[in-house]
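Structure first, then comments.
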Amino acid sequence: MDNGASSYRRFLDGDESAFDEIMKELFRSLVFFIDRYVHDVHAAEDIAIDAFSDLVVHRHRYNFKVSLKTYLFMIGRSRALDYIKHRKVINVAPLSEAQNLSDDEKTLEEIVLEDERKRKVNAAVSMLPEDMRAVIHLIYFEEMTYDEAAKVMKKNCKQVDNLLYRAKKELRIILGKDGELLL
Amino acid sequence: MRELNECKAEVFRRSDNRIKERKRSRNRILALCLPLCLVLTILSVTTLPAIMPVGEESLDGVTDDVSTNDFEANSSDVNSKENNCVSVTVSGNGSERTITDASSVENVFYQIHDILEANEGYMNSASNNNFIVNNSGECVPPVNEQYKPNNIEKYTITLMSSDGSEQVFELYGAVLDDVESEKKIMLTKEQLNKLTAALELLN
């Protein structure tokens, strides 16, 4: 599947089932990526639903110049940053709910990261600054090209390259001896 | 975390709501803009013609010299191009003369006629209000700043027509006064010279 472009074309032509395929392919990944920013699985899910809703409401904004995955992740990142900016109320959840939240995050991790190795890296990635987190996620977990990652993050390829280099450096420090093998 | 189907249903529910909201706001904008455009159109149709400058064609026959038209209305004899004047009596400076020579009478007639027609005088400036009182207490007309006639005597010019009717003018300095209509014309130097020459007055 070409990251959803052909499915989206079918959806635009009236095939509702094509949208199911897109959701199945990209929804959880998008939620996982947005969670990197907002640190709240339920909020990330909500934001991801809004991002997919954009695909339905503004059907002709996507011009097929980038992959659908890149386009969706661009929308997701933008909405996540808006959410962070407008978040005024800090929810203080009781410990029991916190356990549930972290369980949900674990569930999400299990769904998205089938690879055990990636799960180990994921734990370390959460300790990185926001931009580094995002670039590692896009390149390493989502397996995007530098070009696609640059479009999502609204940077150029050189900046992405620099970020990635610094992020890996930090990860090696965090992960220690095993870091080299994992990365 | 929700199931994928639940999320998909939520996606379409939110999309429908957003589409409906867009339609509603579009209708609201139209509902506001259409009456506004209508009002602006009506205003422009009613207001613009009033403030647009009038074309020159509509100004044909209208002149600034309103009083000349009034003067002409009261001096129909002199205004008529045909000379029906038979004599001109000039009195003033302690004397009175009557000009009966046809060519001289015609000359005086047409001088006054030309003055009225040319409207080179400044009727408004020669109104009664501009007259000044001299040391003797007499009300005298203002002197044209361009020239000072040598003769500031007052002359009465009476044009007698063939049917017996009269037209009386007064020449006081550089002002020609139609006695009947009480309209005054401030003469130019050239007009004054020609008139006084026709009347055989000394300048």
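Since this is a predicted model, take the numbers as computed values, not measurements. Within every chain, numbering begins at 1; the chains are lettered A, B, ... in the order of the sequence lines, protein sequences first and strands thereafter.
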key: Within 6.0 angstrom of A:F64 CZ, more than 12 heavy atoms from elsewhere   = yes
Residues passing the side chain to side chain contact (heavy atoms under 4.5 Å, CB included) test with B:E10, sequence neighbours excluded, are A:I49, B:R2, B:R13, B:R14
Note: B:S15 and A:V56 closest approach over all heavy atoms is OG-CB, 3.4 Å
Residues 17-31 of chain B vs chain A, non-hydrogen distance cutoff under 4.5 Å, contacting residues -> B:R18, B:I19, B:R22
Applied to residues 125-138 of chain A, the salt bridge (Lys or Arg N to Asp or Glu O under 4.0 Å) test, sequence neighbours excluded, yields A:D131-A:K155
Contact list (residues 42-49 of chain B to chain A, heavy-atom gap under 4.5 Å, by number) returns none
Per-residue tally against chain A (heavy atom, under 4.5 Å) across B:V11, B:D16, B:N5 peaks at B:V11
The reported gap from CG in B:L4 to NZ in A:K24 (rounded to nearest 0.5 angstrom) is 8.5 Å
Cut-off 4.5 Å, heavy atoms of chain B, and the answer for A:F52 is both
